[in-house]
Amino acid sequence: MSLDKATVRRIATLARIEVPDTDLEAVAGQLSGILDWIEQLKEVDTENVAPMTGGTDLKLQWRKDAVTDGDKADKVLANAPDGHDSFFGVPKVVE
Amino acid sequence: MTELTSLTIAAAREKLLKKEFTALELAEAHLAAMERAKDLNAFITVTSDVARERAKESDKRLFAGQGGALEGIPLGIKDLFCTEGVLTTAASHILDGFTPPYESTVSQKLRDAGSVMLGKLNLDEFAMGSANITSYYGPVKNPWKAKGRNVELVPGGSSGGSAASVAAHLVMGATGTDTGGSIRQPAAFCGIVGVKPTYGRCSRWGIVAFASSLDQAGPMTRTVRDAAIMLRAMSGFDPKDSTSAQLDVPDFEAALGKGVKGLRIGIPKEYRPAGLSPELAVLWDKGVEWLKSAGATPVEISLPHTKAALPTYYIVAPAEASSNLARYDGVRFGLRVPGKSLDDMYAKTRAAGFGAEVRRRIMIGTYVLSAGYYDAYYLKAQKVRALINQDFTDAFEKVDAILTPTAPTPAFGIGEKSDDPIAMYLNDVFTVPASMAGIPGASVPAGLSADGLPLGLQVLTRRWDEETLFRVCQVLEDAAQFPLLPAV
């Protein structure tokens, strides 16, 4: 499975990680190497096998759909790079 | 008098109760050792003020004849556990300055049991690595060195700071987390005990998430008994983690003396790949003999999908990581790099904030989950995972525990294998299958290589049967007579 530069650019956009054009080729090589190695799974017969979707055989815990916490805007914002007046600041998104 | 830093948790617990020394003296002795061993780079943050304050509180409780199971015991906390008011980094640049306003359930339980936190331990960035070389805060050094070679070795990873600090007697025990071997492999490399309990035994709440269906916390200590004491304090139901098990926590320590008489021990024939060091193969045979002499019966078993486990892991874990790490966006916490637009800010922040290995895994995860590839990769991997799980279920019909080497080689030099991701991934070839199945596993130091480096054996048991795990580990520990102090 060899990834081309365009595919790497698309993955980088989906992952929201900037990859400079000069690095695309090297990243494509690394990712292709890993995907080639993963290809060996094709040899495993998984016909009629139900997927294992989690790490436990126990039933997941449920809780009441109720508010159990809140009124902590100061704490929630304390680590924000640009937090003020109980808001998170971001670059302008609407002209 | 025995040096305070070379005591086991079990011994220190008795001596604190008898008032042979105070919790503050114990904490000070360890803080001094940490200062002397700064060169190992085992800690990202040293919390001496917190340690002294908590040690004094412990002394008050001990003086009043009160106290928990770990009252006054100095521990290190892997810097993946959120600690209230104390910098938590996951060894990543992207969490610059992050100070959680809450405490993880596991570290809170250890605090409630009276333990004294000495600091936050170094690790691979977001726990992604097997050599502790991906940390933004620099590599950790293994306190062990090969005889006659002045080469700095890796401590293993991702819980490399935890393993190194326990082995070098800087802390009495440490928390680790294990997603594909991150407790067991560094424990083997540093000559200590590391236990990954059953998935769901310890709450994941407040632990920085890597791969949620695999991540599990556990203890790293110098003896099997200490691991049993510590695991009991860390375990238990937590309503804040939906995968946390609503089961009683056994007294693991009580199981230790029960021996292995009558137990059937599985020896999987698939665990002898070409890359297995001959010394480890010999040690493995020795381990089988030890258990046999103690009354257990070895049984050859087959775990046919062993070879598929590692590539399966490298689909499932990156897929979950790409989703979990979407939260690092420069908006709510940590690093922000300005951009022309919101998307540009995200992409620049994440490019600058994540290291090369983390970026690689996020991108692999994004790819295998993307439209058109989901079935071929992610769904396929989940099906193979079911087969791996079935292998263990079938094996445990015939045996009570499984014995294998923990890692294919002893510790290697810092800088080796760093250019080839797959060579690095192969470190976890023996630990990943149990992670995929969610069963408990432990590494016990069992011998030294010809050039004097620690070698570990791995024990695996059925889900929720950590008691048998501890019984087998105790017999191995008694037989191995492993030297507790690294040759430093």
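Chain identifiers are assigned alphabetically (A, B, ...) following the order of the sequence lines, protein sequences preceding nucleic acid strands; residue numbering begins at 1 within each chain.
The heavy-atom pair separating A:Pro81 from B:Gly330 by the smallest distance is CG-O, 3.4 Å. Annotation for B:Arg385 and A:Gly55: closest pair NH2-CA, 3.6 Å, computed over non-hydrogen atoms. Residue A:Ala50 comes nearest to B:Ala386 through the heavy atom pair O-CB, 3.3 Å, listed as atom of the first residue, atom of the second, then distance.
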Side-chain donor-acceptor pairs under 3.5 Å in residues 83-94 of chain A, sequence neighbours left out?
| from | atom 1 | to | atom 2 | distance (Å) |
| --- | --- | --- | --- | --- |
| A:His84 | NE2 | A:Asp82 | OD1 | 3.4 |

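Heavy-atom pairs under 4.5 Å with chain A peak, among B:Asp343, B:Asp215, B:Val316, B:Asp96, at B:Asp343. Among B:Gln246, B:Arg336, B:Gln216, the residue making the largest number of heavy-atom pairs under 4.5 Å with chain A is B:Arg336. Heavy-atom pairs under 4.5 Å with chain A peak, among B:Lys340, B:Gln382, B:Arg350, at B:Gln382. Here A:Leu41 is the residue among A:Leu41, A:Leu60, A:Val27 with the most heavy-atom pairs under 4.5 Å with chain B. Note: B:Ala347 leads B:Ala356, B:Ala347, B:Gly438 in heavy-atom pairs under 4.5 Å with chain A. Contact count against chain A (heavy-atom pairs under 4.5 Å) is highest for B:Ile364 among B:Asp241, B:Ile364, B:Thr349.
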Practice prompt. Please report the C-alpha distance between B:Lys307 and A:Gln40 in whole Å, then the side-chain angles of each, then the deciding distance to 0.1 Å, and finally whether the side chain to side chain contact (heavy atoms under 4.5 Å, CB included) criterion is met.
Written response: CA-CA 9 Å; B:Lys307 197 175 145 251; A:Gln40 58 177 292; 3.9 Å; yes

- Query: Step by step, would you call B:Arg360 with A:Ile34 a side chain to side chain contact (heavy atoms under 4.5 Å, CB included)?
  - Reply: CA-CA 10 Å; B:Arg360 192 148 56 218; A:Ile34 295 169; 3.9 Å; yes

inquiry  = Working note: B:Thr198 + A:Thr56, criterion side chain to side chain contact (heavy atoms under 4.5 Å, CB included); need CA distance, chi angles, decisive distance, verdict.
reply    = CA-CA 9 Å; B:Thr198 312; A:Thr56 181; over 6 Å; no

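With a 4.5 Å cut-off on non-hydrogen atoms, A:Asp57 touches chain B through its backbone and its side chain both. When heavy atoms are compared at a cutoff of 4.5 Å, A:Ala78 does not approach chain B at all. Contacts of A:Lys42 with chain B are made by backbone atoms alone, with heavy-atom separations under 4.5 Å and no side-chain atom involved. Contacts of B:Leu342 with chain A are made by both backbone and side-chain atoms, with heavy-atom separations under 4.5 Å. In this structure, no portion of B:Ala376 lies under 4.5 Å from any heavy atom of chain A. Heavy-atom distances place no part of A:Thr68 under 4.5 Å from chain B, backbone and side chain included. Contacts of A:Leu58 with chain B are made by side-chain atoms alone, with heavy-atom separations under 4.5 Å and no backbone atom involved. When heavy atoms are compared at a cutoff of 4.5 Å, B:Tyr102 does not approach chain A at all. Heavy atoms closer than 4.5 Å to chain A are found in the side chain of B:Met345, but not in its backbone. With a 4.5 angstrom heavy-atom cutoff, B:Leu310 touches chain A via backbone and side-chain atoms both. Residue contact with chain A, scored on non-hydrogen atoms closer than 4.5 Å, involves the backbone and the side chain of B:Thr312 alike.
In this structure, CZ in B:Phe354 is found 6.0 Å from CD1 in A:Ile17, a value given to the nearest 0.5 Å. Here B:Leu379 contributes atom CG and A:Thr46 contributes atom OG1; the two are 8.0 Å apart, rounded to the nearest 0.5 Å. Rounded to the nearest 0.5 Å, atoms CG (A:Asp45) and CG (B:Leu387) are 8.0 Å apart. Atoms CD and CE, on B:Gln390 and A:Met52 in that order, are 10.5 Å from each other to the nearest 0.5 Å.
In this structure, B:Glu320 has no salt bridge (charged side-chain N to carboxylate O under 4.0 Å, His left out) partners at least two apart in sequence or on a different chain.
When side chains are defined from C-beta on, B:Pro101 does not count as touching A:Val76, because their heavy atoms never get closer than 4.5 Å. Counting heavy atoms from C-beta on, the side chains of A:Leu14 and B:Ser370 come closer than 4.5 Å. For the pair A:Glu18 and B:Asp344, the minimum side-chain heavy-atom distance is below 4.5 Å.
Here the side chain of A:Asn79 pairs no donor or acceptor atom with the backbone of B:Gly334 at under 3.5 angstrom.
A salt bridge is defined here as a Lys NZ or Arg NE, NH1 or NH2 lying under 4.0 Å from an Asp or Glu carboxylate O, and B:Asp329 with A:Arg16 fails to meet this definition.
In summary, of the residues considered (A:Val8, A:Leu35, A:Leu31), a side chain to side chain contact (heavy atoms under 4.5 Å, CB included) with B:Tyr367 occurs for A:Leu35 alone.
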